[in-house]
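Below is one structure; the comments refer to it alone.
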Amino acid sequence: MLKITHFLKSKKTWFYILISLLLIALPFMVSEYITYVVVLTLFYAMIVSSYDLLLGYAGQLSFCQGAFYGIGAYASALFSIKAGFPVYLSIPLSVVITALVAAGVGYPALRLRGAYFAVTTFFLAHFVYLIFLNEVWLTNGPLGLRGIKPLEALGGIDFSSTTNYYYLVLVCFAASIYILYRTANSNLGKMFISVREDEDLAESFGINTSLYKLVAFVISALVAGIAGGLFAHFFRLLHPSTFTWLTSEMVVIMTLVGGIGTIFGPLIGASVVMFILEFLRFAPELRFVIWAVALIIILIYEPRGLVGLVERIRRVKR
Amino acid sequence: MILEVNGLTKHFGGVRAVDNLNLVINQGEIVGMIGPNGAGKTTTFNLITGILKPDSGTVKFKGENITNLKPFQIARRGIVRTFQIVKYFPNVTVFDHIYIGAIAKNGLRADRKTLEPMVNETLQFLHLKDKKNVLVKSLTIPFKKRVELATSLVLKPKLLLLDELMAGLNPAEIDEYLELLRKINRELGITMIVVEHVMKAVMRLCQRIIVLHFGRKIAEGPPEEVSRNPEVVRVYLGEGAKYA
(Lines give C-alpha, C1' and ligand atoms only; values in the text may rest on other atoms or scores of the structure.)
Protein backbone atom coordinates (compact mmCIF):
# COMPACT_ATOMS: atom_id res chain seq x y z
CA MET A 1 0.00 0.00 0.00
CA LEU A 2 2.82 2.35 0.92
CA LYS A 3 4.44 1.51 -2.37
CA ILE A 4 1.33 2.43 -4.33
CA THR A 5 0.90 5.83 -2.68
CA HIS A 6 4.58 6.51 -3.21
CA PHE A 7 4.13 5.46 -6.81
CA LEU A 8 1.23 7.88 -7.28
CA LYS A 9 3.02 10.76 -5.57
CA SER A 10 6.11 10.48 -7.74
CA LYS A 11 6.33 13.12 -10.48
CA LYS A 12 7.89 10.55 -12.77
CA THR A 13 4.80 8.34 -12.64
CA TRP A 14 2.54 11.20 -13.69
CA PHE A 15 4.94 12.10 -16.44
CA TYR A 16 4.78 8.57 -17.85
CA ILE A 17 0.99 8.44 -17.49
CA LEU A 18 0.72 11.75 -19.33
CA ILE A 19 2.98 10.55 -22.16
CA SER A 20 1.03 7.29 -22.46
CA LEU A 21 -2.32 9.14 -22.59
CA LEU A 22 -0.93 11.50 -25.21
CA LEU A 23 0.26 8.60 -27.33
CA ILE A 24 -3.10 6.82 -27.00
CA ALA A 25 -5.12 9.93 -27.86
CA LEU A 26 -2.76 11.04 -30.61
CA PRO A 27 -4.67 9.84 -33.72
CA PHE A 28 -7.73 11.83 -32.59
CA MET A 29 -5.77 15.00 -31.97
CA VAL A 30 -3.63 15.29 -35.08
CA SER A 31 -3.92 14.75 -38.82
CA GLU A 32 -3.35 11.38 -40.43
CA TYR A 33 -0.08 12.67 -41.82
CA ILE A 34 1.30 13.36 -38.37
CA THR A 35 0.10 9.95 -37.15
CA TYR A 36 1.93 8.49 -40.09
CA VAL A 37 5.15 10.27 -39.14
CA VAL A 38 4.70 9.09 -35.56
CA VAL A 39 4.44 5.48 -36.73
CA LEU A 40 7.71 5.85 -38.60
CA THR A 41 9.20 7.48 -35.51
CA LEU A 42 8.08 4.52 -33.39
CA PHE A 43 9.93 2.14 -35.74
CA TYR A 44 13.07 4.20 -35.31
CA ALA A 45 12.47 4.42 -31.57
CA MET A 46 12.43 0.61 -31.38
CA ILE A 47 15.59 0.25 -33.45
CA VAL A 48 17.38 2.97 -31.55
CA SER A 49 16.63 1.77 -28.03
CA SER A 50 17.59 -1.79 -28.89
CA TYR A 51 20.78 -0.37 -30.36
CA ASP A 52 21.36 1.36 -27.05
CA LEU A 53 21.54 -2.04 -25.38
CA LEU A 54 24.44 -2.86 -27.71
CA LEU A 55 26.21 0.52 -27.66
CA GLY A 56 25.23 2.03 -24.32
CA TYR A 57 25.36 -1.16 -22.25
CA ALA A 58 27.64 -3.66 -24.00
CA GLY A 59 29.78 -0.85 -25.42
CA GLN A 60 29.96 -2.18 -28.97
CA LEU A 61 29.82 0.47 -31.68
CA SER A 62 28.17 -0.99 -34.76
CA PHE A 63 26.91 0.54 -37.98
CA CYS A 64 24.46 -2.08 -39.20
CA GLN A 65 21.15 -1.56 -37.40
CA GLY A 66 19.72 -0.30 -40.69
CA ALA A 67 20.71 -3.57 -42.34
CA PHE A 68 18.79 -5.61 -39.76
CA TYR A 69 15.83 -3.26 -40.19
CA GLY A 70 16.05 -3.98 -43.94
CA ILE A 71 16.47 -7.74 -43.54
CA GLY A 72 13.38 -7.84 -41.30
CA ALA A 73 11.40 -5.78 -43.82
CA TYR A 74 12.47 -7.64 -46.96
CA ALA A 75 12.24 -11.09 -45.39
CA SER A 76 8.71 -10.50 -44.14
CA ALA A 77 7.59 -8.99 -47.46
CA LEU A 78 9.10 -11.89 -49.42
CA PHE A 79 7.57 -14.53 -47.16
CA SER A 80 4.18 -12.96 -47.68
CA ILE A 81 4.52 -12.31 -51.44
CA LYS A 82 6.53 -15.30 -52.68
CA ALA A 83 5.43 -17.94 -50.21
CA GLY A 84 1.97 -16.52 -49.59
CA PHE A 85 2.31 -16.75 -45.81
CA PRO A 86 -0.10 -14.71 -43.72
CA VAL A 87 1.56 -11.63 -42.26
CA TYR A 88 1.09 -13.03 -38.75
CA LEU A 89 3.53 -15.76 -39.74
CA SER A 90 5.83 -13.82 -42.06
CA ILE A 91 6.82 -11.20 -39.47
CA PRO A 92 7.91 -13.75 -36.80
CA LEU A 93 9.76 -15.72 -39.48
CA SER A 94 11.55 -12.59 -40.66
CA VAL A 95 12.57 -11.86 -37.07
CA VAL A 96 14.07 -15.35 -36.80
CA ILE A 97 15.96 -14.78 -40.06
CA THR A 98 17.29 -11.44 -38.81
CA ALA A 99 18.46 -13.00 -35.55
CA LEU A 100 20.17 -15.84 -37.45
CA VAL A 101 22.00 -13.41 -39.74
CA ALA A 102 23.05 -11.36 -36.69
CA ALA A 103 24.34 -14.47 -34.93
CA GLY A 104 26.15 -15.70 -38.05
CA VAL A 105 27.83 -12.35 -38.65
CA GLY A 106 28.31 -11.42 -35.01
CA TYR A 107 30.08 -14.63 -34.03
CA PRO A 108 33.19 -13.99 -36.12
CA ALA A 109 32.90 -10.16 -36.22
CA LEU A 110 32.78 -9.75 -32.43
CA ARG A 111 36.21 -11.31 -32.14
CA LEU A 112 37.38 -7.97 -33.45
CA ARG A 113 37.44 -5.09 -31.03
CA GLY A 114 36.46 -1.43 -31.16
CA ALA A 115 37.00 0.30 -34.49
CA TYR A 116 37.71 -2.99 -36.31
CA PHE A 117 34.34 -4.37 -35.30
CA ALA A 118 32.64 -1.09 -36.22
CA VAL A 119 34.16 -1.12 -39.72
CA THR A 120 33.13 -4.75 -40.25
CA THR A 121 29.51 -3.95 -39.39
CA PHE A 122 29.67 -0.95 -41.70
CA PHE A 123 30.57 -3.28 -44.56
CA LEU A 124 27.80 -5.65 -43.58
CA ALA A 125 25.32 -2.78 -43.87
CA HIS A 126 26.58 -1.94 -47.33
CA PHE A 127 26.68 -5.58 -48.39
CA VAL A 128 23.04 -6.08 -47.38
CA TYR A 129 22.09 -2.91 -49.27
CA LEU A 130 23.85 -4.22 -52.40
CA ILE A 131 21.89 -7.46 -52.15
CA PHE A 132 18.60 -5.53 -51.98
CA LEU A 133 19.72 -3.48 -54.96
CA ASN A 134 21.24 -6.11 -57.22
CA GLU A 135 19.49 -9.42 -56.56
CA VAL A 136 16.63 -8.39 -58.82
CA TRP A 137 15.16 -11.92 -59.05
CA LEU A 138 14.51 -11.81 -55.32
CA THR A 139 14.05 -8.18 -54.30
CA ASN A 140 13.01 -6.57 -57.59
CA GLY A 141 16.11 -4.40 -57.21
CA PRO A 142 15.91 -0.64 -57.80
CA LEU A 143 12.29 -0.89 -58.96
CA GLY A 144 11.30 -1.69 -55.40
CA LEU A 145 9.19 -4.46 -54.00
CA ARG A 146 5.52 -3.71 -54.60
CA GLY A 147 2.22 -5.27 -53.69
CA ILE A 148 3.04 -6.12 -50.10
CA LYS A 149 -0.10 -7.23 -48.30
CA PRO A 150 -1.32 -5.28 -45.31
CA LEU A 151 -1.72 -7.09 -42.02
CA GLU A 152 -4.88 -9.22 -42.18
CA ALA A 153 -7.86 -7.93 -40.22
CA LEU A 154 -8.20 -9.55 -36.83
CA GLY A 155 -11.41 -9.60 -34.80
CA GLY A 156 -12.96 -6.97 -37.06
CA ILE A 157 -10.02 -4.56 -36.76
CA ASP A 158 -8.84 -3.43 -40.16
CA PHE A 159 -5.10 -2.89 -39.99
CA SER A 160 -4.87 -1.18 -43.36
CA SER A 161 -6.07 2.01 -41.69
CA THR A 162 -3.24 4.18 -40.39
CA THR A 163 -4.93 4.72 -37.03
CA ASN A 164 -5.43 1.03 -36.31
CA TYR A 165 -1.94 0.15 -37.43
CA TYR A 166 -0.66 2.96 -35.24
CA TYR A 167 -2.13 1.24 -32.19
CA LEU A 168 -0.62 -2.09 -33.16
CA VAL A 169 2.81 -0.49 -33.58
CA LEU A 170 2.35 1.37 -30.30
CA VAL A 171 1.72 -1.92 -28.48
CA CYS A 172 4.79 -3.57 -30.08
CA PHE A 173 6.83 -0.48 -29.27
CA ALA A 174 5.72 -0.39 -25.63
CA ALA A 175 6.37 -4.13 -25.24
CA SER A 176 9.86 -3.95 -26.70
CA ILE A 177 10.82 -0.88 -24.67
CA TYR A 178 9.59 -2.61 -21.51
CA ILE A 179 11.56 -5.77 -22.29
CA LEU A 180 14.68 -3.79 -23.23
CA TYR A 181 14.42 -1.73 -20.05
CA ARG A 182 14.03 -4.84 -17.91
CA THR A 183 16.94 -6.53 -19.70
CA ALA A 184 19.16 -3.50 -19.24
CA ASN A 185 18.48 -3.49 -15.50
CA SER A 186 18.76 -7.24 -15.02
CA ASN A 187 21.80 -9.37 -14.26
CA LEU A 188 22.25 -9.72 -18.02
CA GLY A 189 22.43 -5.93 -18.33
CA LYS A 190 25.12 -5.87 -15.62
CA MET A 191 27.11 -8.42 -17.60
CA PHE A 192 26.81 -6.16 -20.67
CA ILE A 193 28.07 -3.23 -18.60
CA SER A 194 31.09 -5.24 -17.44
CA VAL A 195 32.00 -5.87 -21.09
CA ARG A 196 31.65 -2.16 -21.87
CA GLU A 197 33.72 -1.07 -18.91
CA ASP A 198 36.69 -3.42 -19.27
CA GLU A 199 36.58 -6.54 -21.39
CA ASP A 200 39.83 -8.02 -20.04
CA LEU A 201 38.84 -7.49 -16.44
CA ALA A 202 35.39 -8.99 -17.06
CA GLU A 203 37.03 -12.02 -18.63
CA SER A 204 39.35 -12.42 -15.63
CA PHE A 205 36.28 -12.41 -13.37
CA GLY A 206 35.00 -15.45 -15.28
CA ILE A 207 32.58 -13.57 -17.53
CA ASN A 208 32.22 -15.03 -21.01
CA THR A 209 32.55 -11.70 -22.80
CA SER A 210 32.26 -13.13 -26.35
CA LEU A 211 28.93 -14.71 -25.46
CA TYR A 212 27.47 -11.56 -23.91
CA LYS A 213 28.60 -9.40 -26.81
CA LEU A 214 26.87 -11.81 -29.17
CA VAL A 215 23.70 -11.85 -27.06
CA ALA A 216 23.55 -8.03 -27.07
CA PHE A 217 24.18 -7.95 -30.81
CA VAL A 218 21.44 -10.49 -31.54
CA ILE A 219 18.89 -8.79 -29.24
CA SER A 220 19.48 -5.44 -30.92
CA ALA A 221 19.15 -7.05 -34.37
CA LEU A 222 16.02 -8.90 -33.33
CA VAL A 223 14.14 -5.76 -32.30
CA ALA A 224 15.28 -4.00 -35.48
CA GLY A 225 13.91 -7.03 -37.38
CA ILE A 226 10.51 -6.66 -35.69
CA ALA A 227 10.45 -2.97 -36.63
CA GLY A 228 11.41 -3.90 -40.19
CA GLY A 229 8.64 -6.47 -40.50
CA LEU A 230 6.07 -4.02 -39.18
CA PHE A 231 7.39 -1.35 -41.53
CA ALA A 232 7.08 -3.57 -44.63
CA HIS A 233 3.36 -4.15 -44.12
CA PHE A 234 2.73 -0.52 -43.21
CA PHE A 235 4.54 1.23 -46.04
CA ARG A 236 3.82 -1.69 -48.41
CA LEU A 237 6.58 -0.64 -50.80
CA LEU A 238 10.21 -1.51 -50.13
CA HIS A 239 13.03 0.22 -51.88
CA PRO A 240 16.75 -0.45 -51.30
CA SER A 241 17.38 3.29 -50.75
CA THR A 242 15.48 3.08 -47.45
CA PHE A 243 18.19 0.74 -46.14
CA THR A 244 21.46 2.34 -47.23
CA TRP A 245 24.30 2.83 -44.78
CA LEU A 246 22.78 6.26 -44.06
CA THR A 247 19.94 4.55 -42.17
CA SER A 248 22.43 2.82 -39.92
CA GLU A 249 24.28 6.09 -39.46
CA MET A 250 21.01 7.78 -38.54
CA VAL A 251 20.44 5.17 -35.83
CA VAL A 252 23.86 5.88 -34.32
CA ILE A 253 23.23 9.65 -34.47
CA MET A 254 19.79 9.36 -32.85
CA THR A 255 21.27 7.26 -30.05
CA LEU A 256 24.09 9.72 -29.41
CA VAL A 257 21.77 12.73 -29.56
CA GLY A 258 19.43 11.08 -27.08
CA GLY A 259 22.15 9.96 -24.70
CA ILE A 260 23.54 6.42 -24.54
CA GLY A 261 23.17 3.90 -21.77
CA THR A 262 19.68 4.94 -20.72
CA ILE A 263 17.28 3.10 -23.11
CA PHE A 264 14.87 6.07 -22.79
CA GLY A 265 17.37 8.69 -24.00
CA PRO A 266 17.55 7.29 -27.53
CA LEU A 267 13.74 7.42 -27.67
CA ILE A 268 13.92 11.17 -27.20
CA GLY A 269 16.74 11.24 -29.75
CA ALA A 270 14.69 9.37 -32.33
CA SER A 271 11.63 11.59 -31.84
CA VAL A 272 13.58 14.83 -31.97
CA VAL A 273 15.56 13.83 -35.04
CA MET A 274 12.51 12.58 -36.95
CA PHE A 275 10.46 15.66 -36.18
CA ILE A 276 13.21 18.16 -36.86
CA LEU A 277 13.74 16.51 -40.23
CA GLU A 278 9.99 16.60 -40.96
CA PHE A 279 9.63 20.24 -39.91
CA LEU A 280 12.52 21.17 -42.15
CA ARG A 281 10.79 19.81 -45.21
CA PHE A 282 9.98 23.38 -46.28
CA ALA A 283 13.69 23.73 -47.07
CA PRO A 284 14.57 20.46 -48.81
CA GLU A 285 18.09 21.50 -49.81
CA LEU A 286 19.00 23.00 -46.48
CA ARG A 287 17.37 20.30 -44.35
CA PHE A 288 20.45 18.21 -43.71
CA VAL A 289 22.74 21.22 -43.42
CA ILE A 290 20.60 22.78 -40.68
CA TRP A 291 20.30 19.39 -39.05
CA ALA A 292 24.05 18.78 -39.12
CA VAL A 293 24.77 22.14 -37.51
CA ALA A 294 22.17 21.46 -34.80
CA LEU A 295 23.75 18.07 -34.17
CA ILE A 296 27.24 19.50 -33.79
CA ILE A 297 25.98 22.15 -31.38
CA ILE A 298 24.11 19.59 -29.27
CA LEU A 299 27.08 17.26 -29.00
CA ILE A 300 29.60 20.01 -28.25
CA TYR A 301 27.35 21.58 -25.63
CA GLU A 302 26.24 18.32 -24.03
CA PRO A 303 28.15 15.15 -24.98
CA ARG A 304 25.76 13.05 -22.90
CA GLY A 305 23.02 13.99 -25.35
CA LEU A 306 19.53 15.29 -24.66
CA VAL A 307 19.19 13.22 -21.49
CA GLY A 308 22.24 15.03 -20.16
CA LEU A 309 20.66 18.32 -21.16
CA VAL A 310 17.46 17.51 -19.28
CA GLU A 311 19.47 16.60 -16.20
CA ARG A 312 21.43 19.82 -16.41
CA ILE A 313 18.26 21.92 -16.63
CA ARG A 314 16.83 20.09 -13.62
CA ARG A 315 19.92 20.76 -11.56
CA VAL A 316 19.80 24.47 -12.42
CA LYS A 317 16.16 24.60 -11.33
CA ARG A 318 17.01 23.11 -7.96
CA MET B 1 49.22 -29.51 -4.61
CA ILE B 2 46.81 -26.98 -6.12
CA LEU B 3 48.84 -25.63 -9.02
CA GLU B 4 51.51 -27.37 -11.04
CA VAL B 5 53.44 -25.61 -13.78
CA ASN B 6 55.73 -27.69 -15.97
CA GLY B 7 58.31 -26.43 -18.46
CA LEU B 8 56.42 -23.21 -19.13
CA THR B 9 58.07 -21.15 -21.88
CA LYS B 10 57.08 -17.94 -23.61
CA HIS B 11 59.05 -15.92 -26.13
CA PHE B 12 58.39 -12.36 -27.22
CA GLY B 13 60.39 -12.14 -30.42
CA GLY B 14 63.93 -12.98 -29.37
CA VAL B 15 63.29 -12.41 -25.68
CA ARG B 16 62.62 -15.39 -23.46
CA ALA B 17 60.16 -13.85 -21.03
CA VAL B 18 59.54 -17.13 -19.27
CA ASP B 19 62.02 -19.93 -19.77
CA ASN B 20 61.27 -23.52 -18.85
CA LEU B 21 59.61 -22.60 -15.57
CA ASN B 22 58.52 -25.25 -13.08
CA LEU B 23 56.33 -24.34 -10.13
CA VAL B 24 54.46 -26.25 -7.49
CA ILE B 25 52.00 -24.42 -5.26
CA ASN B 26 50.43 -26.24 -2.31
CA GLN B 27 46.96 -25.76 -0.90
CA GLY B 28 46.80 -22.93 1.63
CA GLU B 29 50.22 -21.45 0.95
CA ILE B 30 51.19 -17.82 0.45
CA VAL B 31 54.00 -17.89 -2.08
CA GLY B 32 55.97 -14.79 -3.02
CA MET B 33 57.33 -14.29 -6.50
CA ILE B 34 60.09 -11.75 -6.79
CA GLY B 35 62.69 -10.72 -9.32
CA PRO B 36 64.07 -7.61 -11.02
CA ASN B 37 62.03 -5.77 -13.64
CA GLY B 38 61.50 -7.92 -16.72
CA ALA B 39 62.09 -11.15 -14.83
CA GLY B 40 58.84 -12.62 -16.17
CA LYS B 41 56.59 -12.41 -13.12
CA THR B 42 53.63 -10.74 -14.80
CA THR B 43 54.09 -12.91 -17.90
CA THR B 44 53.90 -15.97 -15.66
CA PHE B 45 50.60 -14.68 -14.27
CA ASN B 46 49.33 -14.03 -17.78
CA LEU B 47 50.27 -17.57 -18.81
CA ILE B 48 48.61 -19.17 -15.80
CA THR B 49 45.38 -17.19 -16.27
CA GLY B 50 45.21 -17.84 -20.00
CA ILE B 51 45.62 -14.24 -21.14
CA LEU B 52 48.75 -15.40 -23.00
CA LYS B 53 49.19 -18.85 -24.54
CA PRO B 54 52.55 -20.47 -23.72
CA ASP B 55 54.90 -21.59 -26.51
CA SER B 56 55.37 -24.83 -24.60
CA GLY B 57 54.74 -26.30 -21.18
CA THR B 58 51.62 -27.06 -19.19
CA VAL B 59 49.63 -25.56 -16.35
CA LYS B 60 47.69 -27.96 -14.16
CA PHE B 61 45.13 -26.75 -11.64
CA LYS B 62 43.91 -29.37 -9.16
CA GLY B 63 45.08 -32.08 -11.53
CA GLU B 64 43.28 -30.66 -14.57
CA ASN B 65 45.24 -29.38 -17.54
CA ILE B 66 44.08 -25.78 -18.03
CA THR B 67 46.82 -24.65 -20.42
CA ASN B 68 44.58 -24.05 -23.41
CA LEU B 69 41.46 -22.78 -21.69
CA LYS B 70 40.16 -19.25 -22.19
CA PRO B 71 40.68 -16.69 -19.39
CA PHE B 72 37.04 -16.77 -18.29
CA GLN B 73 37.07 -20.59 -18.10
CA ILE B 74 40.17 -20.53 -15.94
CA ALA B 75 38.61 -17.88 -13.70
CA ARG B 76 35.52 -20.06 -13.29
CA ARG B 77 37.68 -22.94 -12.12
CA GLY B 78 38.90 -20.75 -9.29
CA ILE B 79 42.02 -18.88 -10.35
CA VAL B 80 41.46 -15.14 -10.03
CA ARG B 81 44.09 -12.46 -10.47
CA THR B 82 44.52 -8.74 -9.92
CA PHE B 83 46.39 -6.58 -12.39
CA GLN B 84 49.70 -4.78 -11.98
CA ILE B 85 48.15 -1.59 -13.31
CA VAL B 86 44.88 -1.59 -11.40
CA LYS B 87 41.88 -2.50 -13.55
CA TYR B 88 38.32 -1.63 -12.64
CA PHE B 89 34.94 -0.80 -14.12
CA PRO B 90 35.10 3.02 -13.90
CA ASN B 91 31.46 4.01 -14.39
CA VAL B 92 29.75 1.75 -11.88
CA THR B 93 29.34 2.12 -8.14
CA VAL B 94 31.48 0.13 -5.72
CA PHE B 95 28.41 -1.95 -4.88
CA ASP B 96 27.65 -2.73 -8.53
CA HIS B 97 31.30 -3.52 -9.22
CA ILE B 98 31.25 -6.27 -6.63
CA TYR B 99 27.68 -7.23 -7.60
CA ILE B 100 28.93 -7.94 -11.14
CA GLY B 101 31.45 -10.34 -9.62
CA ALA B 102 28.66 -12.00 -7.62
CA ILE B 103 26.63 -12.53 -10.80
CA ALA B 104 29.69 -13.91 -12.58
CA LYS B 105 30.12 -16.42 -9.77
CA ASN B 106 26.50 -17.41 -9.15
CA GLY B 107 25.00 -17.17 -12.63
CA LEU B 108 22.43 -14.95 -14.32
CA ARG B 109 19.53 -16.61 -12.55
CA ALA B 110 20.68 -15.71 -9.06
CA ASP B 111 18.35 -13.08 -7.65
CA ARG B 112 19.13 -9.96 -5.69
CA LYS B 113 18.10 -11.56 -2.41
CA THR B 114 20.88 -14.14 -2.60
CA LEU B 115 23.53 -11.89 -4.12
CA GLU B 116 23.12 -8.80 -1.97
CA PRO B 117 24.23 -10.43 1.31
CA MET B 118 27.36 -11.76 -0.42
CA VAL B 119 28.21 -8.30 -1.70
CA ASN B 120 27.54 -6.70 1.67
CA GLU B 121 29.67 -9.30 3.41
CA THR B 122 32.56 -8.54 1.07
CA LEU B 123 32.09 -4.79 1.53
CA GLN B 124 32.26 -5.36 5.27
CA PHE B 125 35.32 -7.59 5.02
CA LEU B 126 37.29 -4.97 3.11
CA HIS B 127 35.90 -1.95 4.99
CA LEU B 128 34.30 -0.51 1.89
CA LYS B 129 30.82 -0.08 3.31
CA ASP B 130 30.81 3.70 3.38
CA LYS B 131 32.04 3.84 -0.24
CA LYS B 132 29.23 1.58 -1.43
CA ASN B 133 27.47 4.14 -3.63
CA VAL B 134 30.54 5.94 -4.93
CA LEU B 135 31.57 5.57 -8.57
CA VAL B 136 34.75 3.52 -8.75
CA LYS B 137 36.49 6.02 -11.04
CA SER B 138 36.29 8.73 -8.37
CA LEU B 139 38.16 6.63 -5.77
CA THR B 140 41.87 6.94 -4.98
CA ILE B 141 44.25 4.28 -6.30
CA PRO B 142 44.47 2.33 -3.01
CA PHE B 143 40.67 2.16 -2.89
CA LYS B 144 40.44 1.13 -6.54
CA LYS B 145 42.83 -1.72 -5.73
CA ARG B 146 40.67 -2.64 -2.81
CA VAL B 147 37.57 -2.74 -5.02
CA GLU B 148 39.40 -4.98 -7.49
CA LEU B 149 40.41 -7.25 -4.63
CA ALA B 150 36.88 -7.23 -3.21
CA THR B 151 35.43 -8.30 -6.55
CA SER B 152 38.05 -11.05 -6.76
CA LEU B 153 37.00 -12.28 -3.32
CA VAL B 154 33.30 -12.40 -4.07
CA LEU B 155 34.22 -14.89 -6.80
CA LYS B 156 35.37 -17.22 -4.00
CA PRO B 157 38.63 -18.18 -5.70
CA LYS B 158 40.74 -21.16 -4.71
CA LEU B 159 43.91 -19.48 -5.90
CA LEU B 160 44.48 -15.74 -5.91
CA LEU B 161 47.26 -14.18 -7.98
CA LEU B 162 48.13 -10.71 -6.71
CA ASP B 163 50.25 -8.60 -9.02
CA GLU B 164 51.91 -5.78 -7.07
CA LEU B 165 48.92 -5.06 -4.92
CA MET B 166 51.01 -3.01 -2.52
CA ALA B 167 52.90 -0.86 -5.01
CA GLY B 168 52.41 2.81 -4.25
CA LEU B 169 50.99 2.30 -0.77
CA ASN B 170 52.45 3.98 2.30
CA PRO B 171 53.92 1.88 5.16
CA ALA B 172 50.77 2.10 7.26
CA GLU B 173 48.63 0.94 4.35
CA ILE B 174 51.10 -1.87 3.67
CA ASP B 175 50.75 -3.08 7.25
CA GLU B 176 46.99 -3.00 6.88
CA TYR B 177 47.17 -4.98 3.65
CA LEU B 178 49.50 -7.57 5.16
CA GLU B 179 46.99 -8.17 7.90
CA LEU B 180 44.18 -8.32 5.36
CA LEU B 181 45.95 -10.83 3.13
CA ARG B 182 46.76 -13.06 6.09
CA LYS B 183 43.12 -12.89 7.08
CA ILE B 184 42.01 -13.83 3.56
CA ASN B 185 44.44 -16.73 3.59
CA ARG B 186 43.50 -17.94 7.06
CA GLU B 187 39.76 -17.31 7.21
CA LEU B 188 38.77 -17.90 3.60
CA GLY B 189 41.36 -20.61 2.98
CA ILE B 190 42.57 -19.00 -0.25
CA THR B 191 45.96 -19.96 -1.62
CA MET B 192 47.96 -17.00 -2.93
CA ILE B 193 50.83 -16.15 -5.21
CA VAL B 194 52.05 -12.65 -4.56
CA VAL B 195 54.23 -10.63 -6.89
CA GLU B 196 55.65 -7.73 -4.97
CA HIS B 197 58.48 -5.24 -5.09
CA VAL B 198 57.99 -4.17 -1.50
CA MET B 199 60.59 -6.56 -0.12
CA LYS B 200 59.72 -6.09 3.53
CA ALA B 201 56.13 -7.06 2.81
CA VAL B 202 57.07 -10.21 0.90
CA MET B 203 59.49 -11.33 3.59
CA ARG B 204 56.87 -10.93 6.28
CA LEU B 205 53.92 -12.36 4.41
CA CYS B 206 55.18 -15.38 2.50
CA GLN B 207 56.08 -18.84 3.70
CA ARG B 208 57.99 -19.51 0.52
CA ILE B 209 59.62 -17.30 -2.07
CA ILE B 210 60.39 -17.96 -5.71
CA VAL B 211 62.99 -15.77 -7.39
CA LEU B 212 62.88 -15.23 -11.14
CA HIS B 213 65.61 -13.73 -13.28
CA PHE B 214 65.34 -13.42 -17.06
CA GLY B 215 62.44 -15.85 -17.05
CA ARG B 216 64.31 -18.53 -15.09
CA LYS B 217 63.79 -19.66 -11.56
CA ILE B 218 67.08 -19.04 -9.78
CA ALA B 219 66.08 -19.72 -6.20
CA GLU B 220 63.24 -21.03 -4.11
CA GLY B 221 62.71 -21.45 -0.38
CA PRO B 222 61.75 -19.77 2.89
CA PRO B 223 62.34 -15.99 3.02
CA GLU B 224 65.45 -16.12 5.25
CA GLU B 225 67.08 -18.74 3.10
CA VAL B 226 66.34 -16.93 -0.17
CA SER B 227 67.58 -13.62 1.14
CA ARG B 228 70.93 -15.23 2.00
CA ASN B 229 71.24 -17.02 -1.32
CA PRO B 230 74.34 -15.51 -2.98
CA GLU B 231 72.85 -15.77 -6.48
CA VAL B 232 69.74 -13.87 -5.40
CA VAL B 233 71.78 -11.25 -3.62
CA ARG B 234 73.86 -10.79 -6.77
CA VAL B 235 71.05 -10.44 -9.35
CA TYR B 236 68.44 -8.85 -7.24
CA LEU B 237 69.96 -6.79 -4.52
CA GLY B 238 73.12 -5.81 -6.36
CA GLU B 239 76.77 -6.79 -6.30
CA GLY B 240 78.44 -6.51 -2.91
CA ALA B 241 75.26 -6.44 -0.80
CA LYS B 242 75.64 -8.42 2.38
CA TYR B 243 72.12 -8.41 3.80
CA ALA B 244 68.66 -8.31 2.43
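Naming convention: chains lettered A, B, ... in sequence-line order (proteins, then strands); numbering from 1 in each chain.
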According to side-chain contact (heavy atoms from CB on, under 4.5 Å), who are the partners of B:Glu187, at least two apart in sequence or on a separate chain? B:Phe125, B:Lys183
Applying side-chain contact (heavy atoms from CB on, under 4.5 Å), name anything that partners A:Ala67, two or more places apart in sequence or on another chain. A:Cys64, A:Ala125, A:Val128
Minimum heavy-atom distance B:Arg76-A:Gly206, with the two atoms named: NE-O, 2.9 Å
Rounded to the nearest 0.5 Å, what separates atom [atom1] in [X] from atom [atom2] in [Y]?
X: B:Lys105; Y: A:Ile207; atom1: NZ; atom2: CD1; value: 13.0 Å
X: A:Tyr212; Y: B:Phe72; atom1: OH; atom2: CZ; value: 9.0 Å
X: B:His97; Y: A:Phe205; atom1: NE2; atom2: CZ; value: 5.5 Å
X: B:Leu155; Y: A:Ser204; atom1: CG; atom2: OG; value: 8.5 Å

Would one find more than 12 heavy atoms of other residues, nucleotides or ligands at under 6.0 Å from atom [atom1] of [X]?
X: B:Lys113; atom1: NZ; value: no
X: B:Gln73; atom1: CD; value: yes
X: B:Phe12; atom1: CZ; value: yes
X: B:Lys87; atom1: NZ; value: yes

Residues of residues 134-151 of chain B with any heavy atom under 4.5 Å of a heavy atom in chain A: B:Glu148, B:Thr151
Please look at B:Ile51 and chain A and tell me whether the side chain, the backbone, both or neither of the residue comes under 4.5 angstrom of a heavy atom of that chain. neither
Applying a strict 4.5 Å limit to non-hydrogen atoms, the region of B:Ser152 in contact with chain A is both
Residues of residues 176-201 of chain A under 4.5 Å from chain B (heavy atom pairs)? A:Asn187, A:Leu188, A:Lys190, A:Met191, A:Ile193, A:Ser194, A:Arg196, A:Glu197, A:Asp198, A:Asp200, A:Leu201
I'd like to verify something: which residue of B:Gly101, B:Ala110, B:Pro90 has the highest number of heavy-atom pairs under 4.5 Å with chain A? B:Pro90
